[in-house]
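All residue numbers in this chain count up from 1 along the given sequence.
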Amino acid sequence: QVQLVESGGGLVQPGESLRLSCAASGSTSSIGTMGWYRQAPGNQRELVASITSGGTTNYADSVKGRFTISRDNFKNTVYLQMNSLKPEDTAVYYCFGRNGWSGTNYWGQGTQVTVSS
């Protein structure tokens, strides 16, 4: 099995930065694509960013140019660098990892990001 543990959320002011981390443990060799979804109050869940095992990235239009996703396969960790944060980025961010063989998705516990003045 795979477990994902998230960290790095918090409260920041508009324009500031935050970095989320998601560490995987267990059968990590089976994990392919990883990334984050987020869900804000009253909104549907949306895909924020993803990165494949080969390093191909994908971003929501709303975060392009501000967020950067990366991964360290040696540490089994994926990162989301969030710059120029806006109030509309406020949400619970959920890390995910996909089993490249079975298609099973694993989920982190979620971390709160609040952007407010």
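Under a hydrophobic clustering in which Ile, Leu, Val, Met, Phe, Trp and Tyr are joined whenever their side-chain heavy atoms come within less than 4.5 Å, directly or via other members, F96 and M82 fall into different clusters. Linking ILVMFWY side-chain heavy atoms closer than 4.5 Å, directly or via other members, places L80 and Y94 in two distinct hydrophobic clusters.
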Name every donor-acceptor pair, under 3.5 Å, that has one atom in a side chain of residues 51-58 and the other anywhere in the protein, sequence neighbours excluded.
{"unit_1": "T52", "atom_1": "OG1", "unit_2": "G54", "atom_2": "N", "d": "3.3"}
{"unit_1": "T52", "atom_1": "OG1", "unit_2": "G55", "atom_2": "N", "d": "3.3"}
{"unit_1": "T52", "atom_1": "OG1", "unit_2": "T56", "atom_2": "N", "d": "3.1"}

Give the table of side-chain donor-acceptor pairs shorter than 3.5 Å for residues 110-117, with sequence neighbours excluded, one pair per line with atom names and distance.
{"unit_1": "T111", "atom_1": "OG1", "unit_2": "G9", "atom_2": "N", "d": "3.3"}
{"unit_1": "Q112", "atom_1": "NE2", "unit_2": "A91", "atom_2": "O", "d": "3.4"}
{"unit_1": "Q112", "atom_1": "NE2", "unit_2": "T114", "atom_2": "OG1", "d": "3.2"}

Pairs of donor and acceptor atoms involving the side chains of residues 30-38, under 3.5 Å and at least two apart or interchain, shall be tabulated with distances.
{"unit_1": "S30", "atom_1": "OG", "unit_2": "S27", "atom_2": "O", "d": "2.8"}
{"unit_1": "S30", "atom_1": "OG", "unit_2": "N99", "atom_2": "ND2", "d": "3.3"}
{"unit_1": "W36", "atom_1": "NE1", "unit_2": "E6", "atom_2": "OE1", "d": "3.4"}
{"unit_1": "R38", "atom_1": "NE", "unit_2": "E46", "atom_2": "OE2", "d": "2.6"}
{"unit_1": "R38", "atom_1": "NH1", "unit_2": "D89", "atom_2": "OD1", "d": "3.1"}
{"unit_1": "R38", "atom_1": "NH1", "unit_2": "Y93", "atom_2": "OH", "d": "2.9"}
{"unit_1": "R38", "atom_1": "NH2", "unit_2": "E46", "atom_2": "OE2", "d": "3.0"}
{"unit_1": "R38", "atom_1": "NH2", "unit_2": "S62", "atom_2": "OG", "d": "3.4"}

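S17 pairs by the side chain to side chain contact (heavy atoms under 4.5 Å, CB included) definition with Q81, N83, not counting sequence neighbours. Listed by chain and number, the residues in a side chain to side chain contact (heavy atoms under 4.5 Å, CB included) with E16 are V12, Q13 (sequence neighbours excluded). Scanning for side-chain hydrogen bond (donor to acceptor under 3.5 Å, both in side chains) contacts around R71 gives N73, with sequence neighbours left out.
For residues 75-88, no residue pair satisfies the salt bridge (charged side-chain N to carboxylate O under 4.0 Å, His left out) rule, not counting sequence neighbours. Counting only residues at least two apart or in different chains, disulfide bond (SG atoms under 2.5 Å apart) contacts with residues 34-76 are absent. The ring-ring contact (aromatic ring centres under 6.0 Å, His included) analysis of residues 47-92, with sequence neighbours excluded, yields no pairs. Among residues at least two apart or in separate chains, disulfide bond (SG atoms under 2.5 Å apart) pairs with a member in residues 17-99 are C22-C95. Among residues at least two apart or in separate chains, there is no disulfide bond (SG atoms under 2.5 Å apart) pair with a member in residues 50-80.
Closest of all the heavy-atom pairs between V78 and S70 is CG2-O, 3.1 Å.
V5 belongs to no multi-residue hydrophobic cluster, having no ILVMFWY side-chain contact under 4.5 Å with any other such residue.
Taken to the nearest 0.5 Å, the CD atom of Q44 stands 8.5 Å off from the CD atom of Q39. Remark: S25 OG to N76 CG distance equals 8.5 Å, nearest 0.5 Å.
Between the T90 side chain and the P87 main chain, a donor and an acceptor come within less than 3.5 Å of each other.
Counting heavy atoms of neighbouring residues, nucleotides and ligands inside a 6.0 Å radius, atom CH2 of W107 exceeds 12 of them.
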